[in-house]
Structures are given as C-alpha cells and as structure tokens.
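Okay, structure first, notes after.
Keep in mind it's a predicted model, so treat the numbers as computed, not measured.
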2 protein chains.
Amino acid sequence: MKRNSRLSAVLHALMHMAERETPMTSDDLALCLDTNAVVVRRTMAGLRDAGIVQSGRGHGGGWHFARPLAEISLLDIYNALGEPIVFQIGPATEMPGCVVEQSVNRVIGDALKDAEAILMARFAGTTLADLAADFRVAAKLCRADTG
Amino acid sequence: MKRNSRLSAVLHALMHMAERETPMTSDDLALCLDTNAVVVRRTMAGLRDAGIVQSGRGHGGGWHFARPLAEISLLDIYNALGEPIVFQIGPATEMPGCVVEQSVNRVIGDALKDAEAILMARFAGTTLADLAADFRVAAKLCRADTG
DNA sequence: TTTCATGTAACAATAATAGTTACGAAGCGC
DNA sequence: GCGCTTCGTAACTATTATTGTTACATGAAA
C-alpha cells in the first residue's frame, strides 16, 4: 500500500504559505509539493472546514491562514484531515468471535493505543510557529554552511 | 489500503499452538485464522527462519515452537516478520530537495520515531507466555460469566 | 465580460496486502 | 517402494487505499 502522506504534504504547503505575505494559489502550492492543484484543494478543504485556513476565488485569491501560526497545533491539522489511520499494522478482525484472537487483539491494541496517545500528545504540543522556527534555524545553518 | 494484519494473525496462530501439545498443520491454523494454508506458511516462514518455530513435513508434521514461550518476545516476532512498516502516515518524499520539506519531515519523522521506539519497547517487554497468561485469565472470566 | 481561481465529481493509475492455484519436495506408514 | 500427508514456493488474482487526472461548474476581481 502507499503510505498516507497528506499530513506531511499539507504541513509542507502551510510552511510555504507561512513564508509569504500574500495568498498562495493551489497551483503555486501544487508546484511546491510536486503534485496537482486538485490534490491540494482536496487536502486543504479539510483545513478550511476546520477554520484553520481560508480560501479566496478570482484574482488575488488563494489560500491564507485564518489565525496565527502559534495557535495552530499539528493535532489541529491532523484532526482537520479527518484523523487518518495512524498505524499500518492492525488486527485481522475488528470483532473476532475467537476468544484467543480477542485476547491477542486486546494486547496489541492496547500497545498501539498507548503509542498513538503519545504521538497525539506530541502533535498537540507542536504548533506551526514551532515548525516555522525549526525551519528558519535549519535554513540559517544551511546558509552558514554554504556561505 | 488494507492494513497489515500479519503480526496479529501470527500471534493468533501461535496462541492456538500454545494450547496444544502436538504440532499443528498449516491447514489447522488456516481454519483457526479463517484464511488459507498458503498464507499461513508464507507468514510462518519468517518465524521458522528466525528460529522461533520449526516445521515438519509428512505424517505427524506441522508447526511447533523451537523454544519456550517465555523466551519469545513480541519484538522477536515483529522482527521475524521482516519489521513491517509501523505507520500508515509518513513523508511524501524520503529525501526531499526542498529545505522546507526537509524540515517538516524531520519534525514529523522524529515524532513517529519516538512513538515507534515506545511501541518496540512494549513489544520487547511482552513474551508469548504473557500473552498466553492474559488469554487464560480472560478465558476463565468468560467461563465464570457463562457458567 | 473575460480571466483567474476555487469546488467537486468521476475516473484512472499506483501500490500494498491478502487470497488462490499449481506444482514440487520431503517425510511417515504400510 | 508406494501412497498419503504436509511443507515450500512461485505466479497470478482480488481487494482496497492513496494519489493523480480530467472535466465542468461556481464565484470574484480586473
């Protein structure tokens, strides 16, 4: 199966938006993400519905943030994307009749649930402002490296 | 995409084996797992190569453990299965040229890596004996419930 | 009113998992 | 040795989720 890259992709898009003053069109972002404008709109639609970004049509239109970067957590983004399945590994049957399988599912399920909770806490504690800061440090180091 | 259920499936199979004295054939296990004998062999092959189980052909053949349940961790099983991808979510590009994307990948990748480490530690600390004990407690409760 | 841009449905392409068929090789019992 | 059982494996199909593409409608600015 292909892995779900929507979270990474949308964060990539948002970081490009964060580096600009004016709205970016879906075509602009598609170019950055090396994908299609329709894919961009499809993904960003969730964020728009969640009130994280806003879109405008026509001349001068495009995507912009609806609130400050520091007030948008990665968890907000994740939720806005429809809380995609985190784990690729999982049970064979959701509600097994076999008692042995129920037991296995419980043990594995608990372990996955705990790991997911930790991941979500990490997402909740990271804002887009943090991401942008991380990027600016890296960019500075990069410039120092090459210059 | 379908989720990877090999870990759950193989644990289910092993727990059935743990409840028996004699080897179980791939057909037996396929019946338990509601799947195909070939799928069972394909999955168990990794465990055999890792020295966790042994297989015998012909009359009286089938699958049996190569060492005590208490000496087999879930991590051993996971590794024997070829360390399948844990997360369904992941980066769009493994080695992006875009510095913004690199930054995003680093932040998300670190979060996933930490969550994965915790999951692996949990797997390492759980043996098949633990799983079997958990099952026996559940089975006892179940009997008390119905009887 | 023309152009730009989003909104969305429908369809195609891609990729991973799981299931199936077919055949070969090895082991046990008679 | 013969036949039955059972694993070993390759090749193919089926299913499903993600992603990409095409097409067309809608709305806003110049």
Side-chain angles (χ1 to χ4, degrees), chain A residues 1-10 12-13 17 22-50 52-64 66 81-94, chain B residues 1-10 12-13 17 22-50 52-64 66 81-94:
Chain A
M1 266 178 226
K2 280 177 188 169
R3 289 172 78 183
N4 184 332
S5 63
R6 273 178 280 212
L7 180 61
S8 290
V10 83
H12 182 188
M17 284 169 56
T22 54
M24 288 183 76
T25 68
S26 301
D27 270 314
D28 292 340
L29 293 171
L31 213 64
C32 291
L33 306 194
D34 193 29
T35 181
N36 190 293
V38 176
V39 174
V40 172
R41 290 189 197 109
R42 194 152 59 196
T43 311
M44 296 288 279
L47 304 206
R48 184 195 55 223
D49 296 346
I52 294 169
V53 298
Q54 286 171 348
S55 57
R57 306 198 201 203
H59 288 274
W63 299 91
H64 61 98
L81 290 175
E83 307 178 21
I85 304 274
V86 171
F87 294 105
Q88 182 140 12
I89 60 185
T93 318
E94 215 58 58
Chain B
M1 273 178 220
K2 281 177 188 169
R3 289 172 76 181
N4 183 333
S5 62
R6 272 178 282 214
L7 180 61
S8 291
V10 83
H12 182 189
M17 284 167 57
T22 54
M24 287 184 76
T25 68
S26 301
D27 270 315
D28 291 339
L29 292 172
L31 214 63
C32 290
L33 306 194
D34 194 29
T35 181
N36 191 292
V38 176
V39 174
V40 171
R41 288 189 199 109
R42 196 152 58 196
T43 311
M44 295 288 279
L47 304 205
R48 183 194 55 224
D49 296 346
I52 295 170
V53 297
Q54 286 172 346
S55 58
R57 307 196 200 203
H59 287 276
W63 300 92
H64 61 96
L81 290 176
E83 308 178 22
I85 305 274
V86 171
F87 294 106
Q88 182 139 11
I89 61 185
T93 318
E94 215 58 58

Report yes if a side-chain nitrogen or oxygen of A/R6 is closer than 4.0 Å to either non-bridging phosphate oxygen (OP1 or OP2) of D/dG20; otherwise report no. no

With a 4.0 Å limit, can you tell me whether B/S5 has a side-chain N or O closer than that to the phosphate oxygens OP1/OP2 of C/dT17? no

Indicate yes or no for a side-chain donor-acceptor contact from A/R3 to the backbone of B/F87 under 3.5 Å, with no hydrogens or angles considered. yes

Once you round it to whole Å, what is the distance between P of D/dG8 and CG of B/L47? 12 Å

Measuring from B/D49:CG to B/M44:CE, what's the distance to the nearest 0.5 Å? 11.5 Å

Show the distances under 3.5 angstrom between N or O atoms of the protein and N or O atoms of nucleotides 13-15 of chain D.
{"unit_1": "D/dT15", "atom_1": "O2", "unit_2": "B/K2", "atom_2": "NZ", "d": "3.4"}

When the distance from CD of A/Q88 to P of D/dT18 is rounded to whole Å, what number comes out? 10 Å

Counting side-chain heavy atoms from C-beta on, which of D/dA11, C/dT3, D/dG8 comes nearest to B/R42? D/dA11

Using a strict heavy-atom distance below 4.0 Å, which residues from residues 28-39 of chain B are in contact with DNA chain C? B/T35, B/N36, B/V38, B/V39

In whole angstroms, how far is the P atom of C/dT17 from the CG atom of B/L81? 12 Å

Side-chain heavy-atom pair A/L7, A/L81 within 4.5 angstrom cut-off: yes

Here the pair of heavy atoms bringing B/I89 nearest to A/I85 is CG2-O, 3.6 Å

Nearest-angstrom distance from the residue atom CG of A/D49 to C1' of C/dT6: 13 Å

All heavy atoms of A/P23 vs all of A/G60, minimum pair found to be CG-O, 3.9 Å

Nearest-nucleotide comparison on DNA chain C, the residue closer to the 5′ end among B/H59 and B/P84: B/P84

Separation of atom CG in A/D27 from atom P in C/dC4, rounded to whole Å: 11 Å

Please enumerate all protein N or O atoms sitting under 3.5 Å from an N or O of nucleotides 23-25 of chain C, with distances to 0.1 Å.
{"unit_1": "C/dA25", "atom_1": "N3", "unit_2": "B/R57", "atom_2": "NH1", "d": "3.0"}

Round to a whole Å and report the spacing from CZ of A/R3 to C1' of C/dT17. 15 Å

Side chain to side chain contact (heavy atoms under 4.5 Å, CB included) against B/A92, all qualifying residues, sequence neighbours excluded: A/S5, B/E101

B/R41 side-chain N/O to D/dG8 phosphate OP1/OP2 under 4.0 Å: no

Kindly give the heavy-atom pair with the smallest separation between A/S8 and B/G90, and that separation in Å. OG-O, 3.4 Å

Quick one: A/N4 CG to C/dT17 C1', roughly how many Å, whole number? 17 Å

Sorted by chain and number, sequence neighbours left out, side chain to side chain contact (heavy atoms under 4.5 Å, CB included) with A/A50 holds for A/I52, A/A80

Could I get the full list of side chain to side chain contact (heavy atoms under 4.5 Å, CB included) partners for B/E83, not counting sequence neighbours? B/Y78, B/N79

Give the table of side-chain donor-acceptor pairs shorter than 3.5 Å for residues 25-36 of chain A, with sequence neighbours excluded, one pair per line with atom names and distance.
{"unit_1": "A/T25", "atom_1": "OG1", "unit_2": "A/D27", "atom_2": "N", "d": "3.4"}
{"unit_1": "A/T25", "atom_1": "OG1", "unit_2": "A/D28", "atom_2": "N", "d": "3.0"}
{"unit_1": "A/T25", "atom_1": "OG1", "unit_2": "A/D28", "atom_2": "OD1", "d": "3.4"}
{"unit_1": "A/T25", "atom_1": "OG1", "unit_2": "A/D28", "atom_2": "OD2", "d": "3.2"}
{"unit_1": "A/S26", "atom_1": "OG", "unit_2": "A/R41", "atom_2": "NE", "d": "3.4"}
{"unit_1": "A/S26", "atom_1": "OG", "unit_2": "A/W63", "atom_2": "NE1", "d": "2.9"}
{"unit_1": "A/D28", "atom_1": "OD2", "unit_2": "A/T25", "atom_2": "N", "d": "3.1"}
{"unit_1": "A/N36", "atom_1": "OD1", "unit_2": "A/V38", "atom_2": "N", "d": "2.8"}

Does D/dT5 have OP1 or OP2 under 4.0 Å away from a side-chain N or O of B/T25? no

Closest to side chain of B/S26, choosing from D/dC7, D/dT19, D/dT18: D/dC7

What is the distance from CH2 of B/W63 to P of D/dT6, rounded to the nearest Å? 14 Å

